[in-house]
Amino acid sequence: MTNPAAKAPAWRKALAPRAAGVVYAFIALLAVLTITSSAQGRPSYLSSVNLSNILEQSALIGILAIFMTVVLISGNFDLSVASTAALAGTVALKLIDGNGTFVAVLAAIACGALVGLVNALLVQKVGVNAFIVTLGTLTAVRGVVQAILDGKSITAHNTALLDFSTGRWELPVAVALVIGVALIALAVVLAVRSGAVREKLVAAWPLWLAGLLVLAIAGFRPNLLDQAVPVWIMIGLALVASLVLRFTVIGRNLYAVGGNAEAARLSGINVDRYKMGAFVLNGVLAAVVGVLYAGRFNSVDPTVLTGGELTVIAAAVLGGTSLFGGSGVVVKSVIGTLILFTLSNGFNVLNIGSNYQNVVQGTVLVAAASLYTATSQRDRALFRKRVARKAPAEPAPVLTKTGA
Amino acid sequence: MTNPAAKAPAWRKALAPRAAGVVYAFIALLAVLTITSSAQGRPSYLSSVNLSNILEQSALIGILAIFMTVVLISGNFDLSVASTAALAGTVALKLIDGNGTFVAVLAAIACGALVGLVNALLVQKVGVNAFIVTLGTLTAVRGVVQAILDGKSITAHNTALLDFSTGRWELPVAVALVIGVALIALAVVLAVRSGAVREKLVAAWPLWLAGLLVLAIAGFRPNLLDQAVPVWIMIGLALVASLVLRFTVIGRNLYAVGGNAEAARLSGINVDRYKMGAFVLNGVLAAVVGVLYAGRFNSVDPTVLTGGELTVIAAAVLGGTSLFGGSGVVVKSVIGTLILFTLSNGFNVLNIGSNYQNVVQGTVLVAAASLYTATSQRDRALFRKRVARKAPAEPAPVLTKTGA
Amino acid sequence: MSSDPGGIPPILDVRDVHKVYRTGTHALRGVSMRVRPGTVHGLIGANGAGKSTLIKILSGAQTVSDGEIAWRGSVTEWTSPSQALADGLAAVYQHMPLVPSLSVLDNVFLGHTGSLRWDRARRTRELAELCDRVGYPLDGDDLVGDLSIGARQMVAILQALARGPALVLLDEPTAALSPSEREILFASVRRLRDTGTTFIYVSHFLDEVLDLTDHLTVLRDGLVVLDAPTASTDEAALITAIVGSRLAAFEAEAPVAARSLGEVVLAVEDLASGTAFGPLSFDVRAGEVVGVAGLLGSGRTELLQALYGADRAATGSVTVNGRGRPRGPQQAVRRGMALVPEDRARQGFLADWEIWRNISLPDLPRLSWRRMFPHAAREREQARQAVDDLGIKTQTIDSKVGDLSGGNAQKVVFAKWLYGNASIFLLDEPTAGVDVGAKSDILHLIRRLAARGAAVLIVTSEFEELIGSCDRILVLRRGALVADLASAETDVHEVTAIASGFGSHGDHPLGRKAAVS
Amino acid sequence: NTESSGDSAEPPAQQKQLTIGLANQQESVTFPAAISEGAKKKAAELGVKLVTLDSQGDQAKQASQVQDLIAQKVDGIILVPLSPGPAQALVDQADAAGIAVGTAHGYVGADRKPEDPYSKLKFIVTEDEVGSGATAGEMAVKAVPNGGKVAVITGAAGFQENTTRVSDFTKALETKGGFTVVATQPGNWTKQDGQAACQNILAANQDVALFYAISDDMAVGCGAAIKAANSTAKVIGIGGAQVGIDAIKDGTMYGTVCYKPFDEGGQAVQQMYDALTGKLTGAPKTNFYETPGVTKDNVDSCVPQW
Ligand SMILES: Nc1ncnc2c1ncn2[C@@H]1O[C@H](COP(=O)(O)OP(=O)(O)OP(=O)(O)O)[C@@H](O)[C@H]1O
Ligand SMILES: Nc1ncnc2c1ncn2[C@@H]1O[C@H](COP(=O)(O)OP(=O)(O)OP(=O)(O)O)[C@@H](O)[C@H]1O
Ligand SMILES: [Mg+2]
Ligand SMILES: [Mg+2]
């Protein structure tokens, strides 16, 4: 019945371009930029400073991409994040001088939750298409921002937000070493416990690779352990979201709801709750991003983050998230974000003329996505042929019984 | 087997908010604006001049919405239209002085077809997600425009395009009367021929309503028969596209391909050809729009039409087109466009503060869509209950024979 | 391999065909088969034997990995269904690929070439003629997405017949049909065969196969294990060929008459929903297996959905384990109900998910640490158990359910509810598309569930199966409960007669045919 | 000034080449693109290396570009700020890294006036937006001496120019008396939307005597609308762009205010050069370059730079 030779082992699947394509694309992009940059005699592209810059520049969009991925997994769509963030930032800065940081941040987050809730109700309860609902809230919420700011940019005097969101935090090298070792150890323990050591060890590559990465950073680029607060927040949220999606009932149900809402509903899952929850969560996190964004300059203006929603969705889709729901991996969306920002960072570092940046960016975007779509298909085709050739291994006993 | 009582007659379906919601929303919007405007003592909102203005302002986006609807019906997605239009306009104006109108327009349209073809190949042949492909071409094509224009706006001296796209054309009243009568006659003939006169007559409401509308215009607002050329182009394309979608096998197949590509393939339909055809068609028409747009002032600049794609998609979705393929009606997308432009026309006429326009616009967008989603659901529930009451016509005697 | 009696050349000659799917599944391992013109050629075998794969290859929907197919004597090079269709082959696929957003009319004539104009009036006439000829009325204006699964099956059949093909491939066309539609189909098949049309017919119903076909090919694990004229075989031989060494006692055991029934766990009073059914009232006790019989569209599916809380428009009262009517599936599950829906692809499973994740979906909290952190090992253990219990044919429990054969996917949907706390089972066509061996396994399992105190409500169009496995049978007709029969005291004929509106309790269907109402 | 440019023609050979970063707004927009052109030309003249970066209208990108410039250790940064509030933080960062910063076409500090430069700046080179409005107002009063209905076409919602360019315009009208502003509607900076706004306003107020569009593009669009509606309304724009000057020549527009982005870019580089070479010291000053009103009479005095 089973043809074991024909089956790809788990690690092969995990490493296939189809699954890890965005990682390869990111590595390829970094390699190209590093080589070009050193060929031009510029300082190392992979310097701590430059890498930190990329991370810092990506952090806020990265956070948005994480929760956009959650919404997309749940089978919905949210265009309103950038406007929501702008609203939250505006509210926070408007209130912070008069009412203190706590009230300001709370109010901002409440605004985000409210927008999320409105989206959720209109989409799930009234049944309007998510695209049109969130396009509507995108517009309306931006209008509210414009009405509040009346064409002016505002700056707060209370620097609490500024200090927080431009602050840096350094992970002690010792802690990093411990984390790195722990990750690798975990991978080994898991592999040993399961028996099939070699295979499991390869399958657990994200684990030990992350461990190695942490060790490498701690050893060779300790400066990278000193990052801006938003970067740590992004890393933390990506970790938490990944763990929840992967290892909890909530995560499992979310994928089910997005994959086949009807099957999920008949399996006893409260579909509305999950889909609405994703919207509200997205609104709240958009608000957090808005507050961090406003804090970065302690100032907002009415056009803040305009058009950011497309970047966020692009990052998620580049990370392989399906627009039809039911699939997506938040870490890959974060890597998708990193690709986008590495690209524009590369333009700056290589000083590519701004007229050509869009041409290159668009091409790289499509090329990255094509590359791993195409390879994963070729992969399959190749694979198919190989198996076909060795197929008729066992000559089958055909019982003919042609009578008459 | 089928319970005829449970079946809504065709006309009821055709007039239900679910089917005609966007028309109701449009009429409601016009009514509100007319009343508000006359309450403020302004000249009639429904004056020929104002209605012509709305039509003229909607024409180009309306054309884009028609073919966006075709792409959406085919189950795809195209974010690149606005950039493509910008490219075509740029190419046309760059070439027109040196090479003449014909070459310029041809080159522009070739550019549009090329972008469409690239989208088509990447989506259908390479298999990359349409969102990411067209986001990529959106960016790259805009980049090409920027590279060509290098931060400058250009103006052509040859005024052929200007004359064409700002020209007006008047439909003679007599012709309009004939068309109106012909439409009504057609509706009647169809109804009489089919036998069930009353029902068919109601079902054919778009036909005779259009006829009445044409007659009314010819009779009471003959000025409306004088329209800008792009308006006539929009009307012509909407008609042709509607007829092709409704009355040809090509149209059926397109809906099938979008509704269930696998089913279409198994029925022998060349799925790729239809989906790719929709992309190329969309590219070509985007180019036409770009040329008309450039012709309007005989000038383009690098930011021309930026962000237009969202308006176009919003118009199509507001018109009830599904983002998942397989359903959509081009005329409704045109009405969706009219709603969007009527709204901004209304802002100008009523002089609503620009800071509040977005709030109102977003709210109206969601309200319009909610309104007809909600009513169509309530409608269904109501309907079901009413029918339920008269359903069990034959009270069946329950024969119990529980043994043992 | 097989000689051609009378020297009639085969219309279709399948020569040593192999098929390896991209997942590595070797579905066909050298299948050869000759189909003579003007015959009904049966293709049978256990779930996952490769029947649908062969059908898809013949229709051009899949390509062979090795081997060749000769059509009317010349080797074909079909790479897409359009070529096979042009050559006169039409298929009814097991998963019925239709366009839900289009009307019945559009679907029936989908992909027809010829004129560019879509002549609606002409097509409507043609559909009416076709319906007349087949004897099954369909409203061309209905959206396919709104149809019940049985009606959709008929649309798919009409779609194939509308092309006037020389060879029709029918992949389990009767799995979703009730007896009367089956008869309609058989009559059409026989009539067309007599006018020269050839059929390849896949089914799990051996009686049908023996009745309808002229020649039989039995597949097992991608190999031909039997190839013989139908007349030279019998049911026993077929069963041996199908299930091979697996000895299955699938003769329906007589229902255990004296089984102690528990309390009423499901009390239904005046339940109604729109036009679909009702109002109707009945009780189900713990340990009782109740069958719901009825024809296509009689409202059985809607009844189960309403009991399960999935139909918000339903009215009336339902008491579940002493509590009120569940207001949604979530509540229903909490009250111990389980639903196996009839439309498995749309409502039953996630095609992209592995077997084990599908099976654990309804009672994931139970398999989780602190009801929150799923325990993959336990989930997988449960899935392995299910694969054994139900004989799901798969390489591993990591296979995607979308890649399984139809019957095996059905088993997965059934397995979802087997290991949880469910005490009231609502089973809508639980054995649709399931092979003979597995069907008896499932029926045994149902009886074991009942013996453990579960209440079971089975909807199936297999009245024989109902009588064989139920304690009691409710008969629905046009949404009304027209009979409540003890299965020990009734027979297939009576149930059929009542369901179709002839006769009542005590009538012999062949005798007086009195309408009930 | 003449002295400094005389010096710069032949920079001392032993001195290391200066690198100036230009963090521009959005070079796909014609105005900032012209600033960049002017800056490049002046930089070439002065023998300065100019790194131009384009934020493409994205505030976060501008911030990261300034960071990149700081990381590259340029000698000075000319910021074309997208928004005064966030720009202040960028200036602080550069200042903390010891890099000189000046702004062109904009200023820094959300609650400041352009005349009052932020102390960490070296200079501001910009146009006097409020003054331009006043200039436009003077022209309006001349164009329609008898007063009448006036409509204002602003840019897209959320831009500061919508208030700065309008406030003193209306003040001038009020001072003269006899004018009523019947509509203030956005034209989103484009010809087409400007045209639409004017069409719609004309439909509701046939007797508008004057349109004031706060950019030449919108004014040109407005002119087309007026022509189509057979109105006699006059149009005043702002910008002195090629389209505007052409429109004044052919009578579509009555007048405009002449902005000179090319000169502005050059002037900013010159100022930065002076600051870096120690010729510009002391408290920062705001340099409003000359933005005269232009009508048909003096149209040749404004050579369009964008
Ligand atoms: N698309 C697919 N991808 C991978 N494997 C597949 C695919 N379709 C079928 N298979 C595998 O091929 C084998 C044969 O499947 P097939 O559908 O032909 O069985 P079948 O005889 O039709 O069974 P059933 O009676 O359950 O319909 C099964 O093991 C199945 O899992
Ligand atoms: N989603 C739906 N929308 C509209 N009508 C429906 C829908 N589902 C079922 N119906 C109709 O409700 C009635 C009852 O259908 P139901 O599916 O409950 O019957 P059934 O006895 O289960 O038949 P089947 O054997 O076809 O499953 C039928 O007339 C059917 O056409
Ligand atoms: Mg099958
Ligand atoms: Mg059913």
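The sequence lines fix the lettering, A, B, ..., with proteins before strands; numbering per chain opens at 1. Both backbone and side-chain heavy atoms feed into the values below; hydrogens, waters and symmetry mates do not.
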A.B. asks: Against chain A, label C:A351 side chain, backbone, both or neither, depending on which of its atoms sit under 4.5 Å from a heavy atom there.
C.D. replies: neither

A.B. asks: Less than 4.0 angstrom from a charged side-chain N to a carboxylate O is my criterion; do A:K125 and A:D272 meet it?
C.D. replies: yes

A.B. asks: Which region of C:W369, side chain (C-beta onward) or backbone (N, CA, C, O), has a non-hydrogen atom less than 4.5 Å from a non-hydrogen atom of chain A, or is it both or neither?
C.D. replies: neither

A.B. asks: Identify the two heavy atoms, one from C:A228 and one from C:T233, that lie closest to each other, and give their separation to 0.1 Å.
C.D. replies: CB-CG2, 4.0 Å

A.B. asks: Using a 4.5 angstrom heavy-atom cutoff, name the option from A:I250, A:V244, A:I269, A:N270 with the most pairs to chain C.
C.D. replies: A:N270

A.B. asks: So which of C:G48, C:P329, C:P326, C:G348 has the largest heavy-atom pair count under 4.5 angstrom toward chain A?
C.D. replies: C:P329

A.B. asks: What is the minimum heavy-atom distance between C:L367 and C:S360, and which atoms define it?
C.D. replies: CD1-CB, 3.7 Å

A.B. asks: Measure C:P374 against the heavy atoms of chain A and call it side chain, backbone, both or neither at under 4.5 Å.
C.D. replies: both

A.B. asks: Which word best sums up how the rings of C:Y308 and C:W417 line up, parallel for under 30°, tilted for 30 to 60°, or perpendicular for over 60°?
C.D. replies: perpendicular

A.B. asks: As an exercise: rank C:K416, C:R357, C:H375 by heavy-atom pairs under 4.5 Å with chain A and give me the winner.
C.D. replies: C:R357

A.B. asks: What's the verdict on ring pair (Phe, Tyr, Trp, His ring centres under 6.0 Å) for A:F247 and C:F373, showing C-alpha distance, side-chain angles and the deciding distance?
C.D. replies: CA-CA 6 Å; A:F247 296 112; C:F373 304 100; 8.8 Å; no

A.B. asks: Name the member of C:A310, C:S368, C:A338 that forms the most heavy-atom pairs with chain A at distances under 4.5 Å.
C.D. replies: C:A310

A.B. asks: Does C:E379 pair with A:R252 as a salt bridge, N-O distance under 4.0 Å?
C.D. replies: yes

A.B. asks: Counting only non-hydrogen atoms closer than 4.5 Å, does A:R246 touch chain C with its backbone (N, CA, C, O), its side chain (CB onward), both, or neither?
C.D. replies: neither

